[in-house]
2 protein chains.
Amino acid sequence: MIKEAIFHKSDIPYAYPVNKDQLKIVLRTAVFDVDRVYILFKDRYDWLGKFKIKPMTLVHTNELFDYYETTLELNKRFLYFFYLVSETGEKLYYTEAGFFKKRPEDSFWGFFHYPYIREKDIFSPPDWANECIVYQIFPDRFNNGDRTNDPENVKPWGEKPTADSFFGGDLQGIIDKIDYLKELGINAIYLTPIFLSPSTHKYDTTDYYTIDPHFGDTEKAKELVRKCHDNGIKVIFDAVFNHCGYDFFAFQDVVKNGPKSKYWDWFNVYEWPIKTHPKPTYETFGENVWRMPKLMTKNPEVQKYLLEVAEYWIKEVDIDGWRLDVANEIDHHFWRKFREVVKNAKKDAIIVGEVWHDASPWLRGDQFDSVMNYPFRNAVVDFFAKRKISAVKFNTLITEQLMRHMDSVNRVMFNLIGSHDTERFLTLANGMVARMKLALVFQFTFVGVPYIYYGDEAGMVGGFDPDCRRCMIWEEEKQNKGLFEFYKKLIRIRKEHEELKYGNFTTLYAVGRVFAFRREYKGNSIVVIINNSSKEEVIFLEEAGGKEDILKMGEL
Amino acid sequence: MIKEAIFHKSDIPYAYPVNKDQLKIVLRTAVFDVDRVYILFKDRYDWLGKFKIKPMTLVHTNELFDYYETTLELNKRFLYFFYLVSETGEKLYYTEAGFFKKRPEDSFWGFFHYPYIREKDIFSPPDWANECIVYQIFPDRFNNGDRTNDPENVKPWGEKPTADSFFGGDLQGIIDKIDYLKELGINAIYLTPIFLSPSTHKYDTTDYYTIDPHFGDTEKAKELVRKCHDNGIKVIFDAVFNHCGYDFFAFQDVVKNGPKSKYWDWFNVYEWPIKTHPKPTYETFGENVWRMPKLMTKNPEVQKYLLEVAEYWIKEVDIDGWRLDVANEIDHHFWRKFREVVKNAKKDAIIVGEVWHDASPWLRGDQFDSVMNYPFRNAVVDFFAKRKISAVKFNTLITEQLMRHMDSVNRVMFNLIGSHDTERFLTLANGMVARMKLALVFQFTFVGVPYIYYGDEAGMVGGFDPDCRRCMIWEEEKQNKGLFEFYKKLIRIRKEHEELKYGNFTTLYAVGRVFAFRREYKGNSIVVIINNSSKEEVIFLEEAGGKEDILKMGEL
C-alpha cells in the first residue's frame, strides 16, 4: 500500500460532527490501492471496552486518490484507528502515531481522538441556503425603474459600457422586475454594492449608512426587501469592508488633518501628507488603487464601526445576509466577530465570502457559511466552455474541491459560472449555447447553490470588466428565450428534487468527454449523464437503466 | 515522483506569516523522491509580472516524507506554485489545481494564493514562553508550609497516597521553597487547582473565587505570585472549566430547585430529580463521575461566569496564565472568547491547553498558545524509557509532530515527560537513571519548553495516579542529588544557548539506537549525539567535529 497517500486528521474536513450525535469520518488512500477499509472505534473513556469495527464506504475516486467515509454514533467521544486491507491481502493499521503491520496495543495514546462532540462547534448554515437559487444583480445595469434619480451623465440603455459609464439602473428597477425573477424561479438575489459612492460599481464607499441616491434611499431598500420577501426571495447585500472610498468621512478627515486626525490609524499611511499621485502614500486595495484606501481591521475602532454597519442593515431593512468583498484580505479575527454580530442580529442570515481560491481556512464553521465558488467555475469553464480538460481531470478537480470542506458547507457553496468580475460564460464558450446548456445541467445538479449572473439567462455575452457588466437585455426579441426556458426548467427540477439539494454525489463514469454521476438522498436517486462532445457516445451504465427521464436533451 | 505524497495547502501549518513581512511556506514530498524543489511566486496583483523562482530547503526527512521550507518576502500578497525535479530529471509542477508536466499558463486561478499577510492573524505567544522552563506542582504534595491550615485527616508526609489522602501541602509551602526552585533554575510554575474543593486534587471546584483554605487564601496567593515574580518566576493556574464540583453553587441550586432553578441549563440534566446513583442523571466529566457535573459552555451565562473567573485571577493576583483542564471537550467558540478576555487582561499571559493527542485544531493562533505535549512524552517514553522503538521511528514521530504546528507554536510547547496524570518517567524506565538522563538531554535540547513534574529532579518514582502524586522528598539523603545537579546543568545550558530556545531543528543521524541532531540559530549551532543503548557505537558525523563539548556524558 502507498502509505504516503493515506491520510486522516481528526479535524475538519476529515472528522467533524454532522449533528450532536453523529461524527463524520473521512479517510484518503491512493487510488485503487486498498480493497477494504475499516474503522475501529470506541468511547474514549471506556478504558476496558473492546473496539467496535465498521467498514467504510468508498465515496470518491479520482486520478490520485480514493476517499472513504463513514458516520459514527456513540456517546459523543471517540477513540479510533483504521484497518486497511489490499487486494493481495496486505494489512495495515493506521493511527495518529503512524502505521503498524500488527494491530497496535490498546492504549489511550497514539490512536486518533475526537474528544467530544461540542454542540457549539457544529456548523450549520441557514436551512434556506440549502434550497437556494441565487441571482446576482449589478444594480446600475439591471433595470432603470426611476428616471428621476438618474445620474446627470446617464448613458442610453444598452450602449457599450466603459469603466465609468452610468446607465441609471436602480432599486425601483429591481422591484419592477420581481415578477420576472419569480417567473425565472430564483429565490435569492445578491446585489453588488448600493451604498453612496462616486463610481458605477460602488466598491469605493463614501457612506456605509446611505443608499446611493441614484439607486434610491433607505425606504426604497426596505420596500425592495419587503416585496422580495413577499415573493419568497431573500436579499443579500455586499459588505465592502476591506477598503472604503476616497471620500469616506474618516479618510477625508485624515486627508485634511493628517497625523492629527483621530482616524489616522484607521488606515496605513506610509508618508504624510496624504497624496494620491504619482503613487498613493497610503495602503490601498489592489495595486495602488488610490480611490480605495485599505481599512485597518486590526484597529478595534474600525472593527466596531464596520460591525455596526453589518448589524444596521440587517435590523433596519431586514436583509438576509452579506456577501463579503475581498474577504480573504481581512483577518480571520474580524470575520469571527462579524459572524457573531450578524447571527445575533438575524439567526438565519447568510455570510458568503469572496475568495477565488481554496477557501477552507474561512469555512471551518467559525467564519463564513459559503463562498463565491470560483474553483467550481474554473473547472466548469475548462471542461464545458473550453473543452480543454478530460472528464477524468474534471472529476479530479470537482471531487478534490468537495473533499476540502464539510458536506454542510458544500451544499451551500455559491456555484457560479460567471460574475461581474469574470468574462461571461457564453463568451468563453465562443457563443455556443449548447456548451452553456451542458454546463448549466451540471451546475443545477451538482452539490451547492446554483448561481446566476444577471442576463446569463437571456443569453448575454461580454468579455472582461467592463464588458461583462452590460445593460440587461429587456427587449424580448433580443433575449434568448430558449435559454430562459431552459433555466426555468432546471430551476423547477432543482426545486422538485431533494436529491439535488441534499443528496450524496457519486461519480459513475468519467471517460473521454463523457461524465456521469448520481445524486442520492433517502433512497431516491437522480443519475446525470453528460456527453461533453459533438460525437455520439454509447456507454453502458447499470445505474441509469429503467428510470424516468427528467430531462432528455438529445443533440444540442 | 509519488504525486500522492506531495502536499501543500495555503494554510497553517503549510503557509503562515512569521511576522508582518514574511511568509513561511512548507511543501511535503515522499522521502528521497525529489532532488530539487523550487517555489515560483509573485505579488498576486502584479498581473503582468514574471514569477520569481526560489529553491526550497530540505528540513526534515523521515520514514515516509521529506519536508521542504522557505520564507517569502514580498509585499504581503502571494501567488505561487511549485516546481519539482527528480534525480532522473523528471519534472513536475504543483498548483492548487493539481499537477502538470508542463509549466501551467500564467493565470490568476489554479495557483496557490496567500492573499494577504493579515497582521491580526499573526500568531505570537508571549515572548517569555520561549525562554521558559516550567515546573509543575501538585500543591497538596509539594510542601507543607503552614500546619495550622492542614485538613483534619492529614496523613504523615511521605505515606503512600490513596485517591483521597491529604498531606497538608499549601501555598506557604511553595513560598518556602522558592529558593529551592531558584537553585534548580526554573522560571515558571504551574499549579494544579487551588480553588475550594472537597478533594485532594481539587478538579471538582466548589468555588472558583475562593482559594481552598487548606492551601491558603487570596492574600497568600498574591504573596506567592509577588514573591515568584520577585524571583523571576511566572505563575500559571489551572482553569477547570469543563466541569465543576458537585458542591458548586449553581449545581447545588439545580439539585435543590430542579427544573425551576435558574441554573437548570448550565448543565445537561437527563432526568429530574437529580440523582447521583446508581448512575448520575446528568452529564458529567468522564464516565459517570458524579462529583464533576459537566458545564454547558454553549450557554452564554456559563461563558460569562467562567470568563469572569479567568479575568478575575489575572487582575486580582497577577497570575501569568492559565493551563486549561480537559480543554478538548470545550467548544472552540468558548476558547476564542477566553483568549480575548485573557489577553486583554494581561497581554503576555500564556494559555496552555490539556490535549493528549494532535492538538493542531486548537493551535491555529486563535485559541491556545501551547499545550501539554503528551505526544512528545509518548515518543520519549517509547524511545528512551522503554527502548521499544528505533531512532528511525523516533525521528519520524518527532518530525511529524513538529510539522503539525507553526514554528512559533513548537517553540512554546510544554514538553513534558510526566505529569500528575501519568506514571513517572523513572518508573517507566524501571528505575534506570541513565535512561532518564538521556531523555532529559533530549527534552532540554529539543524545540519547546522543558517541563518538570515536581520531584522528578529528586529521583521520585510512582505508578499511575495516585502513586505518581507522592509527597515531595525533602530529606536530602533520600533525594537523588546527582539527578538534581544534572537538571541544574541542563537548565543552565538551555538558558545560555539561544540555539536551544530559538534554533532550527535538523536531524543529522538516526540509525539503530543512535540519534543525532543540530539546533542552529543565527550562525551558531549545537550538535547533540545520543547513543540510546548500552553498547559503544562509532559514528562519523562531519557536523560534530572540532567543536567545544558543552556536555560530555560518557558512559551513564
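Naming convention: chains lettered A, B, ... in sequence-line order (proteins, then strands); numbering from 1 in each chain.
Note on B/K9, B/E119, B/R364: by heavy-atom pairs under 4.5 Å with chain A, the leading option is B/R364. Taking chain A as the reference chain and counting heavy-atom pairs below 4.5 Å, the highest number among B/L397, B/D366, B/V355, B/V326 is found for B/D366. Looking only at heavy-atom pairs under 4.5 Å with chain A, the residue among B/D331, B/I330, B/I117, B/I2 that has the most is B/D331. Of the listed residues (B/G365, B/S360, B/A5, B/G286), the greatest number of heavy-atom pairs within a distance under 4.5 Å of chain A belongs to B/G286. Your options are B/M296, B/E63, B/E283, and the one with the most heavy-atom pairs under 4.5 Å with chain A is B/E283. Comparing A/K3, A/R118, A/H332 by heavy-atom pairs within less than 4.5 Å of chain B, the highest count is held by A/R118.
Of all non-hydrogen atoms in B/E287 and A/D43, the two that sit nearest each other are OE1-OD2, 3.9 Å. Between A/A30 and B/E4 the shortest heavy-atom distance is CB-CG, 4.1 Å. Between B/S10 and A/P361 the shortest heavy-atom distance is O-CG, 4.2 Å. Closest heavy-atom contact between A/F99 and B/L64: CE1-CD1, 3.5 Å.
Expressed to the nearest 0.5 Å, how far NZ of B/K120 lies from CD of A/Q303 amounts to 5.5 Å. Atom CD in B/E329 sits 6.5 Å away from atom CZ in A/R77 (nearest 0.5 Å). The structure places OH of A/Y116 at 4.5 Å from NZ of B/K294, a figure rounded to the nearest 0.5 Å. To the nearest 0.5 Å, atoms NE2 (A/H357) and OG1 (B/T95) are separated by 13.5 Å.
For B/D33, no part lies near chain A; criterion is any non-hydrogen pair under 4.5 Å. Using a 4.5 Å cut-off between heavy atoms, A/W362 contacts chain B through its side chain alone, with no backbone atom that close. Heavy atoms of B/R28 lying under 4.5 Å from chain A belong exclusively to its side chain. Proximity to chain B is absent for every atom of A/N299, based on heavy atoms less than 4.5 angstrom apart. Neither the backbone nor the side chain of B/N62 comes within less than 4.5 Å of any heavy atom in chain A.
When the side-chain contact (heavy atoms from CB on, under 4.5 Å) test is applied to B/K102, no partner is found at least two apart in sequence or on another chain. Residues passing the ring pair (Phe, Tyr, Trp, His ring centres under 6.0 Å) test with B/F425, sequence neighbours excluded: none.
You'll find the side chain of B/K337 reaches within 4.5 Å of the side chain of A/E340, heavy atoms only.
Remark: B/Y270 OH is packed, more than 12 non-hydrogen atoms of other residues, nucleotides or ligands lying under 6.0 Å away.
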(request) Evaluate the criterion side-chain contact (heavy atoms from CB on, under 4.5 Å) for residue pair B/H113 and A/N328; output intermediate values, then yes/no. (result) CA-CA 10 Å; B/H113 291 236; A/N328 55 359; 5.6 Å; no
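A cation-pi arrangement is present between B/K393 and A/F100 under the rule of less than 6.0 angstrom and at most 45 degrees off the ring axis.
Taking the six-membered ring for Trp and thresholds of 30 and 60 degrees, B/Y45 and A/F285 have ring planes more than 60 degrees apart, a perpendicular arrangement.
Remark: side-chain polar atoms of A/E96 are paired, donor with acceptor, to backbone N or O of B/D358 under 3.5 angstrom.
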